[in-house]
Amino acid sequence: MSAVHLEIQGAVATIRLDNPAKLNALDVPMLQQIDQHCQALELRDDIRVVLVTGTGTKAFCTGADIKAWASLPPAQFARSWVRDGHRIFDRLARLSKPTIAVLNGHTFGGGLELAAACDIRVMRTKARIALPEAGVGIVPGWSGTQRLARLLPEPLLKEMALFGRQIEADRIQSLGFVAEVADEPMDVALEIAARAAELSPRATEITKNMIHVGVGEDRPALIEALGSAAMGASDDRTEGVSAFSEKRTPDFSGR
């Protein structure tokens with residue numbers, strides 16, 4: 001049975017895709033489990049870093065399980081499959097904790113879009129990335145033409161999406177999409193995670209938000225969140241709440 005497991009090792013959590021019979025292809029229950037794990041991790045202050053990987057060495061994720069969407073009517077395909085997937089991947093992208101995609105094997109279609117939702121990526125030496133959707137008569141639906149367009153050069157994105165080419169690890173690393181390429185990517189990712197876990201969690205969260213504002217990832221919400229966080233730490237906020245509770249006019253200090 002396909003599943004997505006949540007594994008905890010100290011301050012590091014790992015979301016593991018486990019559908020090896022289908023090269024970790026995503027179905028509806030797996031998407032729902034990713035969503036649930038992200039919700040749970042957002043509330044855990046003891047978790048400092050989140051890894052996302054797949055079972056086995058052949059594939060990180062080869063995209064969406066065709067059987068999960070092939071029979072859907074067009075409207076339901078657009079409304080449910082595509083938009084729900086977008087919402088779930090956005091939740092991962094906007095997780096307050098640093099995230100690392102550990103690409104243990106080939107990373108195609110929706111798997112590449114999932115990897116793009118993480119902050120950085122570590123890739124197995126012989127793995128490849130691709131956007132093969134046009135080969136089955138569909139288009140990238142989970143940010144392959146949007147978030148990936150911010151992370152990859154336009155010609156490379158077109159090379160995959162329009163010409164069906166697969167890109168090798170060394171080439172993709174040279175373009176900055178992958179932080180490191182290694183025979184054992186999980187070992188490298190855990191080393192990176194261990195260092196990240198030593199940093200200030202509040203500082204990394206705010207820095208991640210600031211970077212996302214700069215690149216346009218959930219910009220309106222993040223601007224208001226950053227402003228609200230600043231006001232939440234102010235004397236004016238404390239005075240305003242107290243005055244409201246005590247039914248009096250607030251005496252704001254501007255601090």
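The structure displayed is predicted, hence computed values, not measured ones.
Proximity of a side-chain donor or acceptor of Lys22 to a complementary backbone N or O of Thr62 within less than 3.5 Å is not detected. In this structure, Asp18 contributes its side chain and Val4 its backbone to no donor-acceptor pair below 3.5 Å. One N or O on the side chain of Asn24 and one on the backbone of Thr55 form a donor-acceptor pair closer than 3.5 Å. Side chain of Thr99 to backbone of Asp119: a donor-acceptor contact under 3.5 angstrom is found. Panel note: side chain Arg121, backbone Ala115; a donor-acceptor pair is recorded below 3.5 Å. Glu133 places no side-chain N or O within 3.5 Å of a backbone atom of Pro140 that could act as its donor or acceptor partner. Looking only at distances, a side-chain donor or acceptor of Asn104 sits under 3.5 Å from a matching main-chain atom of Ala59. Remark: the backbone N or O of Ser96 is not paired with any side-chain donor or acceptor of Lys208 at under 3.5 angstrom. A donor-acceptor pair is defined here as one N or O able to donate and one able to accept, closer than 3.5 Å; no such pair exists between the side chain of Glu239 and the backbone of Pro250.
In this structure, Asp170 has no salt bridge (Lys or Arg N to Asp or Glu O under 4.0 Å) partners at least two apart in sequence or on a different chain. In this structure Lys158 satisfies the side-chain contact (heavy atoms from CB on, under 4.5 Å) test together with Glu154, Leu162, sequence neighbours excluded. Not counting sequence neighbours, the partners of Thr57 by the side-chain contact (heavy atoms from CB on, under 4.5 Å) test are Arg124. For Arg219, the side-chain contact (heavy atoms from CB on, under 4.5 Å) partners are Val213, Ile223, not counting sequence neighbours. In this view, Gln36 satisfies the side chain to side chain donor-acceptor pair (under 3.5 Å) rule with no residue, not counting sequence neighbours. Shown here are the side-chain contact (heavy atoms from CB on, under 4.5 Å) partners of Leu31, two or more places apart in sequence or in another chain: Leu26, Trp81, Ile88, Phe89, Trp142.
Residue Ile192 belongs to a hydrophobic cluster whose other members are Val12, Val49, Leu51, Ile100, Val102, Ile120, Val122, Met186, Val188, Leu190, with links defined by side-chain heavy atoms closer than 4.5 Å. Side-chain heavy-atom separations under 4.5 angstrom define the hydrophobic clusters, and Leu23 shares its cluster with no other residue.
Listed by first then second residue, pairs satisfying ring-ring contact (aromatic ring centres under 6.0 Å, His included) with a partner in residues 102-125 read His106-Phe108, not counting sequence neighbours. Legend: ring-ring contact (aromatic ring centres under 6.0 Å, His included) pairs involving residues 181-219, not counting sequence neighbours: none detected. Residues in residues 193-204 take part in these salt bridge (Lys or Arg N to Asp or Glu O under 4.0 Å) pairs, two or more places apart or across chains: Arg195-Glu198, Arg202-Glu205. For residues 216-251, the set of pairs meeting the ring-ring contact (aromatic ring centres under 6.0 Å, His included) definition, not counting sequence neighbours, is empty.
Under a 4.0 Å N-O distance rule, the pair Arg94/Glu42 does not qualify as a salt bridge.
Residue Ile34 holds its CD1 atom at 5.5 Å from CG of Leu17, rounded to the nearest 0.5 Å. For the atom pair CG of Leu112 and CZ of Phe177, the computed distance is 5.0 Å after rounding to the nearest 0.5 Å. Rounding to the nearest 0.5 Å gives a distance of 3.5 Å between OG of Ser234 and CE of Met231. Interatomic distance, CG of Asp235 versus CZ of Arg255, reported as 5.5 Å (0.5 Å rounding). Taken from CG in Asp183 to OG1 in Thr125, the straight-line distance is 3.5 Å, to the nearest 0.5 Å. Rounding to the nearest 0.5 angstrom, the gap separating the CG atom in Leu103 from the CZ atom in Arg128 is 15.0 Å.
Counting all heavy atoms, side chain and backbone alike, Leu157 lies closest to Gly144 at CD1-O, 3.5 Å.
Within 6.0 Å of atom CZ in Arg237, 12 or fewer heavy atoms from other residues, nucleotides or ligands are found, so the atom counts as exposed in its surroundings. Few gaps surround CD on Glu246; more than 12 heavy atoms of other groups in view lie less than 6.0 Å from it. For Arg165, the CZ atom sits in a loose shell: 12 or fewer heavy atoms of surrounding residues, nucleotides or ligands are nearer than 6.0 Å. At most 12 non-hydrogen atoms from other residues, nucleotides or ligands lie less than 6.0 angstrom from CG of Asp45. Counted within 6.0 Å of CD on Glu168, heavy atoms from surrounding residues, nucleotides or ligands total 12 or fewer; the atom is thus considered open.
Under the 4.5 Å side-chain criterion, counting only non-hydrogen atoms from C-beta, Arg91 is in contact with Asp35. Contact annotation: the side chain of Pro132 never approaches that of Gln166 to less than 4.5 Å [non-hydrogen atoms, C-beta and beyond]. In this structure, Leu92 and Leu114 have side chains that are in contact, with non-hydrogen atoms separated by less than 4.5 Å.
Hydrophobic clustering places Ile66 together with Val28 (ILVMFWY residues linked when any side-chain heavy atoms are closer than 4.5 Å, directly or through intermediates).
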